[in-house]
2 protein chains.
Amino acid sequence: MANIKDVARMAGVSITTVSRVLNGYPYVAKDKQEKIMAVIKELNYSVNGNAVKLIKGKTNTIGVIVPYNNNSCYDELINGILKKAHELHYQVLLLPSYYENVIESSYLTLLKKKMIDGILLTSHTLHPEQILALSEWGKIVCCEACPVELVSSVFPDRFAAYIEVFTYLKNKGYKRIHFTSGRDFQSSPSTRLRIQAYQETIAEAYEGQFFDQCFDYQDGKRVGDLMFRDSIVPDAIFTNGDEVAAGIIASAKMHGYNYPQDFEIIGEENTPLSEILGFPSVDYHQTAIGEQAVSLLLSDEYARIQIRHKLNFRARTEASVLS
Amino acid sequence: MANIKDVARMAGVSITTVSRVLNGYPYVAKDKQEKIMAVIKELNYSVNGNAVKLIKGKTNTIGVIVPYNNNSCYDELINGILKKAHELHYQVLLLPSYYENVIESSYLTLLKKKMIDGILLTSHTLHPEQILALSEWGKIVCCEACPVELVSSVFPDRFAAYIEVFTYLKNKGYKRIHFTSGRDFQSSPSTRLRIQAYQETIAEAYEGQFFDQCFDYQDGKRVGDLMFRDSIVPDAIFTNGDEVAAGIIASAKMHGYNYPQDFEIIGEENTPLSEILGFPSVDYHQTAIGEQAVSLLLSDEYARIQIRHKLNFRARTEASVLS
DNA sequence: CTGAAAGCGCTAACAA
DNA sequence: TTGTTAGCGCTTTCAG
């Protein structure tokens with residue numbers, strides 16, 4: 001495989017001159033320039049990106065740590081990240097963690113190894129010290145509220161959203177309000193916020209109203225069964241995700257309860273699902289979060305930017321497939 | 001930042017010896033070994049990944065070219081790719097093309113630049129010569145049926161699926177069968193196959209039965225309006241994607257036609273959407289395709305592997321939210 | 001078991 | 001406007 005030396009030799013110039021035309025520097029004679037270009041074409045030469053990365057100490061690559069990729073929330077986020085990264089001529093290394101701490105911290109060392117210029121952190125299991133220890137090797141931006149003060153972040157105002165939803169349901173006069181979450185409150189800060197918001201707006205006791213381990217449609221069906229099998233059923237539910245909400249709606253139906261006649265339900269992520277079934281959903285604007293997170297990561301500024309959510313109500317009569 | 005030289009000096013050995021313990025080679029005296037490890041810890045040293053890549057000529061990274069990431073089909077595929085790549089200790093560079101040829105071919109040059117070890121190609125606009133020209137610089141595996149004979153591929157048997165769906169609808173006695181696709185037949189091979197399958201099973205003429213530019217829920221609503229606004233409406237529809245199907249169902253409802261009473265509809269990708277609304281959907285097993293594509297990419301074998309689809313019927317009475 | 005030395009392919013300061 | 005040269009940080013013969 002041809003290298004810069006071969007090009008230089010064949011063009012009858014020094015490698016410096018070749019490097020110059022490669023990088024578009026001025027002060028290269030027209031004829032040499034053309035000769036070099038011709039040789040490059042003839043040899044079908046390309047620079048070795050790793051040599052460039054080594055000497056420049058810069059990779060033009062960022063890493064994105066996500067628990068999973070097949071989840072509408074990360075999907076939107078990644079979408080924004082890819083868009084902005086492409087705009088700024090950066091490449092994106094997609095790093096799935098499966099919520100495993102060992103894997104997550106191995107990704108952080110990519111920074112030390114100089115293989116990426118920065119890291120975007122989403123939902124994770126890392127301890128503050130782990131993040132802090134490695135933030136000295138490169139910039140880290142968090143796409144959730146980050147407990148580490150020194151790390152920049154672009155994040156949704158989840159707590160405000162939770163308060164808004166619960167307050168809305170309370171004001172509507174609902175009496176038996178249930179809610180769901182993904183990971184348990186031990187591991188998930190947002191689950192803790194959910195519970196706290198419930199306690200601040202509805203009631204102190206949440207046992208029997210709260211169901212965790214909800215991630216997808218099947219989980220929704222599972223907890224729907226728990227909610228609707230008894231004689232006392234919820235009249236409003238706030239779920240962590242539209243898929244879970246859809247599962248609950250399906251399960252409720254099997255127990256003889258129909259949405260929207262028999263209960264209210266509010267989802268999250270604002271996917272087509274909520275539009276189709278006609279239930280409200282909280283939009284955290286993940287695409288915007290992704291874009292801004294990349295911008296922040298590639299700037300040398302420090303910031304903690306909160307992105308405002310939107311509780312999205314549907315024109316139920318029109319769009320919904322449910323009557 | 002510390003380098004291998006610093007470690008060697010502080011440990012009182014040569015860099016060769018340091019390199020040896022770094023890479024777990026035998027024949028290093030126990031005491032030197034321990035001393036080196038201690039120094040590495042003390043200096044908080046890590047190897048420079050770019051130097052390693054440069055000298056080894058191998059990156060342990062693969063690139064995945066996708067048109068978009070926020071589409072359930074690529075989502076599943078990427079999921080399989082990430083899983084298998086992680087298993088084989090490879091990293092994944094996610095390369096969005098937005099169906100732009102210039103972008104796509106710029107990604108192929110990453111191979112020449114030695115920045116990735118191989119490329120996974122999904123839906124694209126590349127010409128055979130473009131692929132061929134770069135396949136000499138590294139292995140390329142296609143996740144769709146690939147026109148270039150020399151390129152390995154792992155792909156769904158789309159045509160067989162189309163034939164199966166149309167035959168099924170025909171045998172059920174449906175008379176006015178419509179179908180949709182994404183990109184127009186000029187740019188999309190699968191659109192051409194769809195039309196061909198329709199012609200072979202239903203009828204030669206497809207004008208008025210065929211609607212392209214369908215990518216998401218909104219497009220589904222749009223073409224649903226076209227289909228159901230006239231007095232002659234379809235009694236069966238085969239859509240390219242569950243979201244499109246859902247949009248059509250929603251639009252049909254607004255025109256006074258209900259699923260499943262008034263028409264049959266079959267989607268693609270087998271997402272929760274089809275389960276929720278209870279319509280059949282073709283599962284191309286994209287996760288499996290992704291996993292196998294990675295395995296093939298990282299092997300040095302040549303193969304063209306076809307993955308069998310599955311037309312997935314739903315237990316409509318139970319799971320569906322529609323009566 | 002260990003180390004010297006020759007690169008991997010490139011950039012950039014410096015000198016001309 | 002051009003070339004010489006000294007690295008970037010590491011692996012890997014090869015000779016002890």
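Within every chain, numbering begins at 1; the chains are lettered A, B, ... in the order of the sequence lines, protein sequences first and strands thereafter. The figures here come from the full heavy-atom set of this structure, side chains too, leaving out hydrogens, waters and symmetry mates.
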(message) When you compare the side chain of Ile65(B) with that of His124(B), does any pair of heavy atoms fall below 4.5 Å?
(response) no
(message) So Ile103(B) and His86(A), do their side chains get closer than 4.5 Å, heavy atoms only?
(response) yes
(request) Indicate, with a heavy-atom threshold strictly under 4.0 Å, whether Lys32(A) touches base, sugar-phosphate, or nothing. (result) sugar-phosphate
(message) Counting the atoms with a prime plus P, OP1 and OP2 as sugar-phosphate, which does Asn50(A) contact under 4.0 Å by heavy atoms, base, sugar-phosphate, or nothing?
(response)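 Since no nucleic acid heavy atom lies under 4.0 Å of Asn50(A), the category is nothing.
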Nearest-Å distance, [atom1] ([X]) to [atom2] ([N])?
{"X": "Ile36(A)", "N": "dT1(D)", "atom1": "CD1", "atom2": "P", "answer": "13 Å"}
{"X": "Lys53(B)", "N": "dT12(D)", "atom1": "NZ", "atom2": "C1'", "answer": "20 Å"}
{"X": "Asn3(A)", "N": "dC8(C)", "atom1": "CG", "atom2": "C1'", "answer": "9 Å"}
{"X": "Lys5(B)", "N": "dG3(C)", "atom1": "NZ", "atom2": "P", "answer": "16 Å"}
{"X": "Ile15(A)", "N": "dG3(D)", "atom1": "CD1", "atom2": "P", "answer": "11 Å"}
{"X": "Arg20(B)", "N": "dT11(D)", "atom1": "CZ", "atom2": "C1'", "answer": "10 Å"}
{"X": "Ile55(B)", "N": "dG9(D)", "atom1": "CD1", "atom2": "C1'", "answer": "9 Å"}
{"X": "Asn23(A)", "N": "dA13(C)", "atom1": "CG", "atom2": "P", "answer": "13 Å"}

(request) Check Asn23(A), Thr17(A), Val21(A) against Ser19(A) for a side-chain contact (heavy atoms from CB on, under 4.5 Å) and give me the one that passes. (result)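 Running side-chain contact (heavy atoms from CB on, under 4.5 Å) over Asn23(A), Thr17(A), Val21(A) with Ser19(A) returns exactly one hit, Asn23(A).
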(message) Quick check on DNA chain D: between Val52(B) and Val28(A), whose nearest nucleotide comes earlier from the 5' end?
(response)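 Mapping each residue to its closest nucleotide by heavy atoms, the 5'-most match is Val28(A).
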OP1 or OP2 of [N] under 4.0 Å from side-chain N/O of [X]:
{"X": "Ser19(A)", "N": "dC10(C)", "answer": "no"}
{"X": "Tyr25(A)", "N": "dA12(C)", "answer": "yes"}
{"X": "Tyr45(A)", "N": "dG9(C)", "answer": "no"}

Of the listed nucleotides [options], the one nearest the side chain of [X]:
{"X": "Asn48(A)", "options": "dT1(D), dC10(D), dC10(C)", "result": "dC10(C)"}
{"X": "Val13(A)", "options": "dG3(D), dC10(D), dT11(C)", "result": "dG3(D)"}
{"X": "Tyr27(B)", "options": "dC1(C), dT11(D), dT2(D)", "result": "dC1(C)"}

(message) Any N or O donor-acceptor pair under 3.5 Å from the base of dT1(D) to the side chain of Thr17(A)?
(response) no
(request) State whether the distance check finds a donor on one side and an acceptor on the other, under 3.5 Å, for side chain Thr16(B) versus base dA4(C). (result)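 Yes.
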(request) To the nearest 0.5 angstrom, please state how far the CG atom of Leu296(A) sits from the SG atom of Cys143(A). (result) 9.5 Å
(request) Any chance you could measure Glu269(A), atom CD, to Tyr74(A), atom OH, to the nearest 0.5 Å? (result) 8.5 Å
